[in-house]
Amino acid sequence: MTDTTVRADEQLVRAQSDRLRPAFHFTSPAGWLNDPNGVAQVDGLHHLFYQHNPEAPVHHRIHWGHAVSDDLVHWRDRPIALRPGEGADGDGCWSGVLVDDAGTPTLVYSGRQGLRELPCLAVGSADLEEWSPLPEPIISTPPEGDLTAYRDHCVWREGDVWRQLIGSGVRGDGGCAFLYESTDLREWRLIGPLASLPAGQIAIDDPDWTGTMWECVDFFRLLPGDSAGTAATAPPDAASGDPHALIFSAWHEGATLHPLIALGRYRDDGFQIDRVQRLDLGRRHAYAPQTYRDETGRRILWSWMQEGRTDEAMIAAGWSGAMALPRTLWLDRAGVVRQEPVPEFAALRTHELAGDWSGDTLDIEVDALVGDGQRLAVTVLATPDGEEACVIELARRDGALHLSLDRSRSSADTTADRSRLAGTVPEPGTADDRERPSRLRVVVDRSSIEVFCDGIALTARVYPTRTDALGARVEGDAAVTRAIAWHMAGAEEHNRIQLR
Ligand code: DQQ
């Protein structure tokens, strides 16, 4: 068994000196990070809570870390918000959400004890820094039936009641979300499954598979718009008749597979799903998304950029897990969900690169008309001899645009995940838009690559071993109309300390 015990100061030194640690993506000071939790903007300040093990970069005895930001780019660590207690959360404080209970900040989360999770609640101070968990779970037992799992929460105010979804799945059937109702957040009445999808016969490795359990359910209204800033969003409301979206992460027998978004109609106590879309072509590298509506009305999405290296490599590095850049999510007029990093990150572009592009913290934008049979390739993190390189390709075949990331040469370390990630890019809704060049944006941050093609995301992790894996270039026979690379500054707070 791997020895995970490392002194706090030693772990912090390892984490801070790892050259693969992202410079402008949020990471914990050291130790383990997974799902974003309790994301919100309160009195102007953005809050990011997150699944965290401060002791070691492994998923064990999960706490809630906490950081705050004025601009979504620069984050300040705050004290740990939740730690395993003596009751239902004795073995971990798993994922959950923050709600405003008539002025009292309140967390609803999954307490883990043994192999079981139950809904728990903690009441917070006005500054969201001190939390008092209730001694008992707020729901004492899962619904009857042979459930694959039961955890993770979405809680909202609808009319004069609270409603809550809890992620689950029925063995032999498929994933589902249970709907509950309450007047006080403490006593809950089960209404029944809000939505479910049969897992069917699709193979586990099919990127559209909806799984046997839905983790991290997130439900909201999403109205069509022309761009990130114009699509209205709000908490769920069955009476509104508006289109609704349900995000969930497909899970099966302990495997964290990929995030999906279901679009449909919420009426009374049911969500009629019209279609399901892959939320990120990077699959498990953009897992467990959670969203909130910020004070400007944007739907902001956070997700966990899961690692693709071994436990031993993570322990040697002193840290594990980063957050993908916060993104604005919108629904286009053709009914396709699109996303892009919040524009605040442009503040980190220090200068445009001239001549040969080079760097491991880059923001690249390429506009190109990709005709049938043509391709556009953006290579990043490449060594001069080509031993290591990551190749992003946009290619049109039979009219359809295909986006892929070839990681086969991303690392000379054969234990790293070097599998290919790929999917199709739905065309923009209007004919005018279809005649415009496609925009490919590639954000590189050491071991992180995020690709956006006209708002379709592909998120990945890569582990170059060579310090000269810095080259970047554009190739292919597509007609490139614009290509710019910016060097990106770091955004991490100085002198972070290991909070335990
Ligand atoms: N991670 C949490 C769970 C959730 C899973 C535990 C998703 O609550 O289901 O850390 O990554």
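Just so you know, ligand 1 is whichever comes first in the structure, and atom 1 is the first atom listed for that ligand.
R299 forms a cation-pi arrangement with F220, by the criterion of a distance under 6.0 Å to the ring centre and an angle within 45° of the ring axis.
Shown in contact with Y287 at under 4.0 Å from a heavy atom are these atoms of ligand 1, numbered in order with element: 7 (C), 11 (O). Listed by number with element, the atoms of ligand 1 under 4.0 angstrom from any heavy atom of S95 are 2 (C), 8 (O). Near D35, the atoms of ligand 1 lying under 4.0 angstrom from a non-hydrogen atom of the residue are 1 (N), 2 (C), 3 (C), 4 (C), 5 (C), 7 (C), 11 (O). The atoms of ligand 1 that sit less than 4.0 Å from any heavy atom of W304 are 11 (O).
Atom CG of L257 and atom CE of M213 lie 12.0 Å apart (nearest 0.5 Å).
For R267, the CZ atom counts as loosely surrounded, since its 6.0 Å shell holds 12 or fewer non-hydrogen atoms of other residues, nucleotides or ligands.
Closest non-hydrogen pair, A15 versus P29, comes out as CB-O, 3.6 Å. What you find for P235 and R221 is that their closest heavy atoms are O-NE, 2.8 Å.
Counting heavy atoms under 4.0 Å from ligand 1, residue H59 touches it through the side chain alone.
For H59 and W94, the distance between ring centers is under 6.0 angstrom.
Considering both main-chain and side-chain atoms, T256 never comes within under 3.5 Å of ligand 1 through any nitrogen or oxygen pair. Annotation: W94 places no N or O atom under 3.5 Å from an N or O atom of ligand 1; distance criterion only. Of the N or O atoms in E215, one or more lie within a sub-3.5 Å distance of an N or O in ligand 1. Checked against a 3.5 angstrom limit, the closest N/O atoms of D152 and ligand 1 fall inside it.
Distance from atom 10 (O) of ligand 1 to its nearest protein heavy atom, with residue and atom name: Q51 OE1, 2.5 Å.
The ring-ring contact (aromatic ring centres under 6.0 Å, His included) test with H66 is passed by exactly one of W75, F26, F49, W131: F49.
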